Amino acid sequence: MAKYNHKSIEKKWRKYWDKEKIYQTKEDKSKPKYYVLDMFPYPSGAGLHVGHPKGYIATDAIARMKMMQGYNVLHPMGWDAFGLPAENYAIANKMHPAEATKNNIKTFKKQLELLGFTYDWYREVNTTDPKYYKWTQWAFLQMFKRGLAYESYEPINWCPKCQTGLANEDLEDGKCERCGSEIERKPMRQWVLKITDYADRLLNDLDKLDKWPAPIKEMQRNWIGRSEGALIRFPVIARSEATKQSYGNEDIASSSPTARSRNDNLEVFTTRPDTLFGATYMVIAPENSLIENCKLEIENLEEVNEYVERSKKKSDLERTDLAKEKTGVELKGVKVVNPANGEELPIFVADYVLTGYGTGAIMAVPAHDERDFEFSKKYGIPIREVVAPLIVNEKGEDAFKKDAPIIERDAVVCVVKHWSEDKYLGIRWLKNDWQGFVIGGIEAGEDTSVAGIREITEETGYKNVEYIKPLGSIVHSKFFQALKKQNRFAHFVPLLFKLKDGEMDNIAEEEKNLHEVMWLSPEEVGKFANREDMRIIWKRVFENECYAENGVSINSDFLNELSTVEAKEKMIQWLEEKKIGQRKVQYKLRDWVFSRQRYWGEPIPLVHCEKCGVVPVPEKDLPLELPKVKHYEPTGTGESSLANIEKWVNTKCPVCGGPAKRETNTMPQWAGSCWYYLRYIDPNNDKALVDKEREKYWSPVDFYVGGAEHATRHLIYARFWHKFLFDIGAVNYDEPFTRLQNVGLILAEDGRKMSKRWGNVINPDAVVEDFGADAMRVYEVFMGPFDQPCAWSTQGLVGAKRFLEKVWALKEKALQNAILTPTQSGERSPRAQILGDSSITPQNDNEKITTLLHQTIKKVTDDIENMRFNTAISQLMILVNEMTKEDQLLLTPYSLLLKLLSPFAPHIAEEIWAELGNKESIFLSDWPAYDAELAKDAEIILAVQVNGKLRDILTVSADISEEEAKQTALASEKIQKWLEGNQPKKIIYVKGKLISIVV
RNA sequence: GGUCCAGUGGUGGAACUGGUAUACACAAGAGACUUAAAAUCUCUCGCCGCAAGGCAUGUGGGUUCGACUCCCGCCUGGACCACCA
């Protein structure tokens, strides 16, 4: 028998498939469609490494199975070729980006072709092809016409090395995602897409995407970052030089004659309008215009300006470094009035407030916000509690029980300090589960400190107790009291005490036995008093934590006693009534900075006319082609190199015909990938982005496979564009991708990422050469769960190759056992006949193989559908091992095995299939269906447990009844031994699995 | 710091809805074939124990006849977000 020669086989079938065009997708609307899509690659100069094709192998397997299942399959491929890396690569290699891109695509395509994918290359798209980007420009113009693209002069992220502005999404830890340079904030003119108009829909429609991985949806939710709250306007007042005062000086009322009211309001966004009464100062970002507006009134303007300058010089990285201490400067001479209570509040400028979010200013409530708390402690600003904690124990033994009654209690919680050591009193009640501080009920009319002293003495015997101070507000707590089987709604009054000495009264014997008293170091207390309510009280002893959760309003006038949710609502209504604020939904998502100051991108099709302003290039003139130039290096001035090409820049205004200049910014790399999946449907249409009828048939994408790194960029941008195209009637559905699957990274053998830098890159070409495309494909999906990262192992690859060799070796066995025709004894009959002819009854039908085969059909089909390729391959290995062990093998089961293997190892499957006498490609044959009856085992194995431990294993007929099974189990010698003559209390029978005997 | 995910042999990993833990593969060891090597084939392979049996899914508890799986706490690792008011 000829040896398995992957090289010749793979070459032969690639050629055949190409010639026969078996993967060319036809517009056959009688068949159900299946659109399976890969995230198209960025053709870099480095070529592919073995990690890149992993996703493509998966979609290819799915595409092949779906084809065989009778679907009309669309499985296209293309190139995302515009953008910075291509340009940088071209500069480094002294080439034109167009040329470099062309070469890179050629390399990529060649590499991909070696792996035998089902791509329909007649539908190849390339984002840098003018015929393609004509429609990218067209879509941009539609946005422009509808006001979704606008010019902005806000400072943006500028990468000094790449010499271009970047979107927020393009940053990693405040650094340029591409080159790692620290980003500067630079004000410059740019085009921005109003993605925030779609924020709500992008967020809400995530709920419809039930076949997307939950973590990706979560990341998008997080990125969009919706929060509900209120805008509140604080009137700004300024004082004359003579009355310069700082905050907290009570004798200056807002009615003071020296106070000059200004027309300014300081507007802030807050998610906690319920804490307005707790605001003790305001903070503005260094970029806030209030400083400019009030420069005459600010008495320490020099100091303020200095601070602002210092902040501007800081990189984003420094500014957002959480480890650093917060800094700020008070704006002396200017204050705001709290509209809720008329109090005057100082204003600080501090760079812990960000400029692009909300209004770039906040009301600071130190008692209930970590950052404000930290800042106010540093600058000695008063802290006012306006929310009493409400702890609802939801987990574990303390959680409220549904059926128990709710009992309310007022109680004191006494934190008691030792008279000489740094220790605190802990108490453990022996009868119930309580451990913590001394706690006791407050009697009617009793002063809380008196109640505390009484309880301490009663429970511990210590006589000389000194009351120090209250520990903040009441702490409400809902928990389950296990001993009394009650739900408790407790209102704890936390108090701090100190013992003067260790003198004790004798306490009743009875009381002594109830609890244990111990002295604990501060570290020990933290662990000892571990319930959330006690933890909060304990932290207050050191005043180093604030309460930022929901609770009950206090010290807040008309909000008092309302829950946080109710208080927020009431405050918003009040603000709206008084016209000093309103309800507001705020997003973290910012509008998409859509221009880049580089050459290699789609030109933005706009013209600047002195008379007419910004005018769109007429649609009939699209595409607006990128001029072919020799020099395209960035200018570094914030203009793209296009600005230097006078011939191109100077044009006529399409409206008035007068002189005009073209927009010289180009689109970002992400533009082309926003809609490429639509173009595959109709790649050559020059009348529309996509034909709507065709789109109706093929859309949405049924299965989209790609890396998780695109969660917050490509996948948000594409959804945004798609929704926009839906809104203007260009497409039929409002979400582009029905099902999404992430590919786990393939790491190098050393466990690191594959990278030129580490010299650990494995080239697929070499793998294909040495082991074959089929072995590589099988190995890559067998490595482990598809979405998990996994290190490459050449040894593992060897295993995959061995498996294919085993399949190959079975061919001879199957052919030997082919039924011989009577007339040509000793010769094989025409094999095609054998396969198709059901009248020939197998002479040695092997029940074991048949059962296993049908189980395998089921498992492989399900596993491919659910992306569990590793277990599909494992099941095929089991089948092949079994077939190898048997003396005889019929053609039919072998043919079915080949079909099951073909999505993973198409070349070898096709080769053997042909050798068996089939005239047509295996991929034009039907996918096997399994027979549930045949997949059933004749005999099953029952596990028998005694008291939960496995004691015997029985092999019984599959149709055994429960009674029979129990009798057989009890009759077993081993079981009898373990029963030791005892009568079983209970026998549990799980059909087809086990019998559990309880003695 | 927050959120989410994960932790199973020497290694990658399997285990359906709570029901025989370690499938499949790699590595390792022994043997066969060979003048020899490679390749191939056969066997062994979680730990302790001669065995009976006991112990093992990061760790400590809990629920259950029964837990890798469910619940609570802790430890470790990863991903994402990160001063978003």
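Below, chains carry the letters A, B, ... as their sequence lines are ordered, and counting in each starts from 1. Since the model is a prediction, treat every value here as computed from it, not as a measurement.
- Checked against salt bridge (Lys or Arg N to Asp or Glu O under 4.0 Å), A:Asp937 has no partners two or more places apart in sequence or in another chain.
- With sequence neighbours excluded, no residue forms a ring-ring contact (aromatic ring centres under 6.0 Å, His included) with A:Phe373.
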Polar atoms only, N or O, under 3.5 Å: list the protein pairs with nucleotides 24-26 of chain B and their distances.
residue	atom	partner	partner atom	Å
B:A25	OP1	A:Asn881	ND2	3.0
B:C26	OP1	A:Arg802	NH1	2.6
B:C26	O3'	A:Gln795	OE1	3.4

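- A heavy-atom distance below 4.0 Å to RNA chain B is reached by these residues of residues 356-363 of chain A, ordered by number: A:Tyr357, A:Ile362.
- B:A28 and B:G66 are spaced 43 Å apart, taking the P atom of each and rounding to whole Å.
- Of all nucleotides listed (B:G12, B:A52, B:A14), B:A14 comes nearest to the side chain of A:Thr871.
- A:Lys993 meets the salt bridge (Lys or Arg N to Asp or Glu O under 4.0 Å) test with no other residue; sequence neighbours excluded.
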*Quick one: the dot-bracket string of RNA chain B, using Watson-Crick and G-U wobble pairs with both distances under 3.5 Å, [ ] for crossing pairs and | for bases paired to another strand.*
(((((((..(((......[....))).(((((.......))))).(((....)))..(((((..]....))))))))))))....
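- Proximity of A:Arg951 to the phosphate of B:G54: a side-chain N or O atom is located under 4.0 Å from OP1 or OP2.
- For A:Phe234, the ring-ring contact (aromatic ring centres under 6.0 Å, His included) test picks out no residue, with sequence neighbours left out.
- For A:Arg221, the salt bridge (Lys or Arg N to Asp or Glu O under 4.0 Å) criterion is met by A:Asp207, A:Glu218, not counting sequence neighbours.
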Below 3.5 Å between N/O atoms, which protein atoms pair up with nucleotides 18-21 of chain B? Just atom names and distances, please.
residue	atom	partner	partner atom	Å
B:G19	N2	A:Gln945	OE1	3.2

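- Residue pairs that meet the side-chain hydrogen bond (donor to acceptor under 3.5 Å, both in side chains) test with at least one member in residues 780-791 of chain A, sequence neighbours left out, do not exist here.
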Strictly under 3.5 Å: I want the nitrogen or oxygen pairs between protein and nucleotides 28-30 of chain B, one per line.
none

In a table with atom names and distances, give each donor-acceptor pair under 3.5 Å that connects a side chain of residues 944-956 of chain A to protein atoms at least two apart or in another chain.
residue	atom	partner	partner atom	Å
A:Asn947	OD1	A:Val999	N	2.9
A:Asp952	OD2	A:Ser972	OG	2.7

